[in-house]
Each structure stands twice: as C-alpha cells, then as structure tokens.
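Worksheet for the structure shown next.
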Amino acid sequence: MPIKAITPDYHGDFKDGVEKFNGNQLVNIHWEKHLMFAWPMCVPLPPGMPFGALIEGVLPGIFGAHPNFKQIDWNAVEWKTSKGPFKPDLAKSLSDNGIGHKTTISFRTPGLNGVNGNAVC
Amino acid sequence: MAAEGNAKPAKKLSLKENYALLTRGLGWEPSYEKKEDIFRTIDFEGVVIHDWDKWEDPFRLTMDAYWKYQGEKERKLYAIIDAFQQNNGQFNVTDARYVQALKVFINGITELEYLSHRGFNMLAREFPGVGPRIAAQMQSLDELRHATTQIHTISQYAKYFTGMNEFPYQFDRVWYLSIPKSFFEDAVTSGPFEFIVAISFAFEYVLTNLAFMPWMSGAAFNGDMATVSFGFSAQSDEARHMTLGIEVIKFLLEQDPANVPLVQKWIDKWFWRGYRLLSLLATMMDYMLPKRVMAWNEAWEIYYEQNGGALFADLARYGIKPPKRAPETIAEKGHVAHQMWSVFYANRDAVGFQMWLPSEEEMAWMSEKYPDTFDQYYRPRYEYWKAMEAAGTPFKNTTLPQLCQVCQWPCLFTDSGDPTTLSLRETEYQGQTFHMCSDGCKDIFDDTPEKYVHAWLPVHQIYQGNCFLPGVDPTAPDFNPMYEALRYMGIKPGVDNGDFKGGADATNWEKWTSRPANIHEGAYTDAVRDSHIKS
Ligand SMILES: [Fe+2]
Ligand SMILES: [Fe+2]
C-alpha cells in the first residue's frame, strides 16, 4: 500500500545511493559464528578491487585480532550473500563477483567456530 | 455602574462548568474559512471521526488548576535540587559507574522529552476537537517541563563528570543517538493520529512503566535523590499521559470500524519501535546500575507480558490483537541486554561514556537471573575478554557497523531460534539494497519504503564525508577518520570514551570521595588506598 502523506506521491530522496561515496561502494562483511564481532562490518571499497585484495588487505584489519583468524584456510571458506552461496574468483573484481553497493557478504570458516569452538566469541 | 459599588461579582464557576466552557466553548464553527483549510492534516491518514464531542478527558483539568498543580510540583522539586547541590549529592551515589547511566539519560532521553513537547504542540493545533486539543496542549507543557527539570537536575553532575555538557549538540550527531532521534522524528513526521497512537498509546501507555519504574527505583536504590525527585515530579503527569493514550485508542476504535486496521498497524509498528528503543534500558538496568533492582527479563515479564497481556485481552472486543512482533520480544528477553553491552564494550572508543566488563559478583547475579542464556552465551565471551585485558591485549572493534535502516541500531541482534546466528534481513527496493535488524523492522520498511530510504544513517554519512568539522582535511597524511568523526559528534576522544578504569570519571571520583569508583573491584587509585590506610 503506498504511503499516505500530506503531499501527493511523496517519496523521500535516496540518501545512500552509490554515487555519494566518492567512487567507493559500501560492503558489509560478517564472519559467522564469531560473535565477538557482533555485527556485519561496513566498509567503503572500490568496486574494482579484486576479491583477493579484500581477503589479503581488508579482512585482517577488521578480524585479525581473533585467534582463529590466522588459522583460516581460505580455500575452505564458504561464502554467501542474501542471494545464496557463491565461490569468489579471487582475481576478479568485487563487481564481477556480484558484490554490489551495500551487499552483505557472510563467510563461514569450517572447523573454526569461535574461541574454543564457542561461537559467541 | 461599578463605580457606585453595586456590581455583582462574577459568579464563580464550578470545575465542571469551567472545563465545559474551556473545551466546548472554544470550539466554534468557522464562518469565513473552510474547516478543511483550518485543519489541513486531519484527513490524509484515512481515520474517520464522526463526533469529536465523544472524546472524554477523564481528568477534566482546567488551565487554572493545571498551573496551580504544576507550580506546586516545581517549587517542591527545585527545593530538593537546591539541597542536593548544596550537599554535593552527586557524590552520594553508589559509585562512578552509576554516573555513566546518567549520561545515557541526558544525551538520549531528555531530547526526546523536548521532541515530545513539539509533537504535542502540533497536535494541539491540528486536532479539530477541543477536548483532545486541550489535553495535547497540557501534555506539550508537561514534556517541556520534563526536559527542563532533567537538564537542571543533571547539570549538577555535569559540573563534575565527563560527557554530559553537549547533549543537544550530541543528540543530532552521535551515531548511537540516532536511535532515539530517528524514533521520535519518525513519529513527529507522521500524521496526527499516527503520532498520538505511537506516543500516547504504544509508548506512554504500553511501554512507559517499563522505563519509569525500574529506572526510578534504580536511581533511589543507588542514592541519586535528584533523579528520583524529577522522576516523581513527572509521575503524576505520566498518569495523565497514559490515560490520554488509552482514551485515544478507545475513541478511535469506537468512532468507526474503518479505524481498526489503521490502529492495529500503528500499534504493531510503534510497539516494535518503542521496544527497540527501550531495550537500551536493558543494558542500564543489568549493567550500569551498581546496585540492581530487577533484571530486564523480569521487568519485561511484569510490564509487558502481564500488564500488556491484560490490556490487549481488554482491547480484543474492538478487534485489536496484541502487537504482531510481541513474541520476538519475549524470545529476546534473555539476550538483548548482554548483546548490547558487549557491543558497547567492544566499541568503547566510539561512545560518549566509559565502559567496563561485569565483575564476578555481577556475573553470578546474571547467571541466576538468566539461567537459560547467560552462562551458555555471554559468560564465555566476557571471560575471554577479561583474559585479553589481563594479558594486556584488550579487545576492541575498530570497524563501523551495518545499521538497520529503520531503528538505526547496528544489526547486532540474533535470530529468535538461534542465539549464535545474526538476524539479518534485507529488502531490494527500486534497485537498491536496504538492511534491517529484524522482522519487526523489515515489516515497517516494507510498508513505507518511501519514508525510510531517506533515513540519515550515521555510518553512511561518515563514509560520505559529511561528519567532519569544518577545516578538517580528509586527504591530509595524518588524517584519522575515527578521531575526527568523534570530534564532529561532540565526543572528546580520550576523555569521554574508552575504559572506565583509568578514565577521568573513575580517577576523579576516587580523588574527591575517597571511595572506590567501582564497588565490585575495590580501589583503582592510591587516593582511596591511602585514605583507607589512614582511617
Ligand atoms: Fe515526559
Ligand atoms: Fe531495526
């Protein structure tokens, strides 16, 4: 049902279109079963950044403090977005991997599920 | 012929006559302007009112009585505040952690009183019925009084402790204060009927006791007589506001069956928004009060599950059902306080108050109060973080969160069925992605995306470069975005934020009172250790 407003056909302007981020797009990244990092992390990244550079250059700054982080076998990591699981091509860009503005990427690290296997930390 | 001394004095009106003249006598029929030009916002929401005179204000309060009561309350309150200040009452509270809770109050709640004042002012102009206009006018004045008395009371604390002196500035800028701000601005920008259902019914009637009772008894229990006094000074106003809330609902439902689905939709929406806002109180009750009164889950059981249950059973005869997302609030009651405190702790460099981990004594209390959740899901996290503190490598999160487009909380809540999985929801709207923290917030976004695409989300504003003070150069080699964003928000980095232990408030507290800043951990500084040795 359309909104009821004093002004006919009211529509707020889109506050967060990709054109407002100075050439970057927002990407949200969530490490599942590591709830010490209790929210998806929002970072501005160039859409042309290779997926491999996300893993090597961005994720350590976000999640590196976790003792599980150094043990991650990146070949075994399971990735997904709201559209379902995907296998990233590390040489290709975020865009070419289907990662758009405000996409949330969740990843799971099999065998590594928090400190002492406890997903809450 | 008054000069000759034979004029009869005006007949003194009874209260009932006085009220009748005030509320009915003022409601004249316009002759040279069309009614719809005078009351321009009353139709667009689709509410049908046949007879405004059916509105019964049970208080029938007249203006002269109102001024008299309120004036008396003010005199009493300010006498207590004076005495509190003369006696340095700010040092009589349990410890300096309690003061951190007051910061959440002055920065996050007091501005809501002011917004409420503005909202009810608008209703006092917009409603065609005089009864509700008078009630809205009085409530508008009450809310202004609440804001000023809170500011005056807490100003005494602001002279001695950090983080309370920039509250109006912070309210418009601090990332987590967009949670209360967006709540009330959503209400004020709704139509008058949605506003009054949102604030008078869903917030004041259904939820406000939850804020009021534990908060005020918490203040009393921790020796904060100033806060208790403004609380009780506001309490008789609250009783009137709650009655307005229930009268509004009954009036709307009795006027026309077409109003029922509208009212139901607004109850569903504003119950959820109010719940998300108030769960901030969960952290205050369970973590920030050094002496605790009751746990959040107990408060929710009494004030929502029991009282709310009875209320909605009563409203069932109008065809009104309990709020759609009430089951989620019950499923979450053992989790929210712990999830929010964890997030504040992990991000303590980015908040305007100082943080600590719960003591052994507090964790034992939580294990007892939350037998189904605390030991399994939250104790291990705190124990790990304590170990990291002890090892000299305390944990800090450094990356900004994905925010909910509706409530503006970070997406930190977990799924009802699984406390180790985040409850992430999203909607694709006109080619763009929007994130929500829960089904409750997704319902709201999906109903009126036209409104919420426009939300001012602090994280996105920071990344757009809109949250730096003039003259700051984001291309400078030593540019530190976190530091600059905090300065923009009115938070003094290194003073207002960070660890409680070693922070300005804890250190000053021990110097000035010779008592531990954290009663559960003993003295942090020599100021206390020395004085105890001497005595
Ligand atoms: Fe109020
Ligand atoms: Fe939300």
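All values below come from the heavy atoms of this structure, side chains included, with hydrogens, waters and symmetry mates left out. Just so it is clear, the structure is predicted and the values come from calculations on it, not from any experiment. Labels below follow one simple rule: chain letters A, B, ... track the order of the sequence lines, proteins then strands, and each chain is numbered from 1.
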Roughly how far apart are B:Ser342 OG and A:Trp39 CH2, rounded to 0.5 Å? 11.0 Å

Does B:Lys451 reach the main-chain N or O of A:Ile3 with its side chain, forming a donor-acceptor pair under 3.5 Å? no

Heavy-atom contact with chain A under 4.5 Å, split by part of B:Thr414: side chain

So for B:Gln405, is it side chain, backbone, both, or neither that comes closer than 4.5 Å to the heavy atoms of chain A? side chain

B:Tyr429 ring center near A:His11 ring center (under 6.0 Å): yes

Test side-chain contact (heavy atoms from CB on, under 4.5 Å) applied to A:Ser82 - qualifying residues, sequence neighbours left out: B:Glu426

Using a 3.5 Å distance criterion without hydrogens, assess whether the side chain of B:His435 forms a donor-acceptor pair with backbone atoms of A:Lys102. yes

Shortest non-hydrogen contact from A:Ala38 toward B:Leu422: O-CD2, 3.8 Å

Taking CG in A:Asp9 as the centre, count heavy atoms belonging to other residues, nucleotides or ligands within less than 6.0 Å. Is the count above 12? no

Any donor-acceptor N/O pair, B:Gln464 side chain to A:Lys15 backbone, under 3.5 Å: yes

Under 4.5 Å between any side-chain heavy atoms of A:Cys42 and B:Thr399, yes or no? no

Between the side chain of B:Tyr463 and the main-chain N/O of A:Lys20, is any donor-acceptor distance below 3.5 Å? no

Would a 4.5 Å heavy-atom cut-off, applied to side chains only, mark A:Leu35 and B:Gln339 as touching? no

Have a look at B:Gln402 and tell me which of A:Leu26, A:Val43, A:Asn28, A:Val27 forms a side chain to side chain contact (heavy atoms under 4.5 Å, CB included) with it. A:Asn28

Let me know if A:His34 has heavy atoms under 4.5 Å from chain B in its side chain, its backbone, both or neither. neither

Part of B:Asn347 within contact of chain A (heavy atom distance under 4.5 Å): side chain

OH (B:Tyr377) and CG (A:Asn118) are apart, to the nearest 0.5 Å, by 9.5 Å

Any chance you could measure B:Thr421, atom OG1, to A:Lys33, atom NZ, to the nearest 0.5 Å? 3.0 Å

Before accepting this row, confirm whether a basic side-chain N of the pair A:Lys4/B:Asp447 lies closer than 4.0 Å to the acidic partner's carboxylate O. no

Specify whether A:Phe37 and B:Phe395 have parallel, tilted or perpendicular ring planes, treating 30° as the upper limit for parallel and 60° as the lower limit for perpendicular. perpendicular

Given the options A:Val18, A:Asn113, A:Ile29, A:Ile62, which has more heavy-atom pairs under 4.5 Å with chain B than any of the others? A:Ile62

Should the heavy atoms of other residues, nucleotides or ligands under 6.0 Å from CD of A:Glu78 be counted, would the total exceed 12? yes

Is a side-chain N or O of B:Arg381 found less than 3.5 angstrom from the main chain of A:Cys121, in a donor-acceptor match? no

Going by the rule side chain to side chain donor-acceptor pair (under 3.5 Å), which residues pair with B:Glu332 if we only count those two or more places apart in sequence or in a different chain? B:Tyr275, B:Arg276

Testing the basics here: between A:Gly12 and B:Val453, what is the closest heavy-atom pair and its distance to 0.1 Å? O-CG2, 3.4 Å

Heavy-atom cut-off 4.5 Å, strictly under: side chain, backbone, both or neither for B:Thr398 against chain A? side chain

Only one of B:His460, B:His454, B:Gln432 forms a side chain to side chain contact (heavy atoms under 4.5 Å, CB included) with A:Asp16, so which one is it? B:His460

Below 4.5 Å from any heavy atom of chain A, which atoms of B:Glu194 appear? Answer side chain, backbone, both or neither. neither

With only heavy atoms counted, which part of B:Thr433 is less than 4.5 Å from chain A, the side chain, the backbone, both or neither? both

Among the listed options A:His30, A:His101, A:His66, the residue most often paired with chain B at heavy-atom distances under 4.5 Å: A:His30

Quick one: which of B:Ser190, B:Cys411, B:Ala346 has the most heavy-atom pairs under 4.5 Å with chain A, could you say? B:Cys411

So for B:Leu424, is it side chain, backbone, both, or neither that comes closer than 4.5 Å to the heavy atoms of chain A? side chain

Pairs of heavy atoms under 4.5 Å with chain B: top-ranked of A:Asp13, A:Asn22, A:Asn116: A:Asp13

Approximate separation, where rounding is to 0.5 Å, of B:Leu400 CG and A:Met41 CE: 9.5 Å

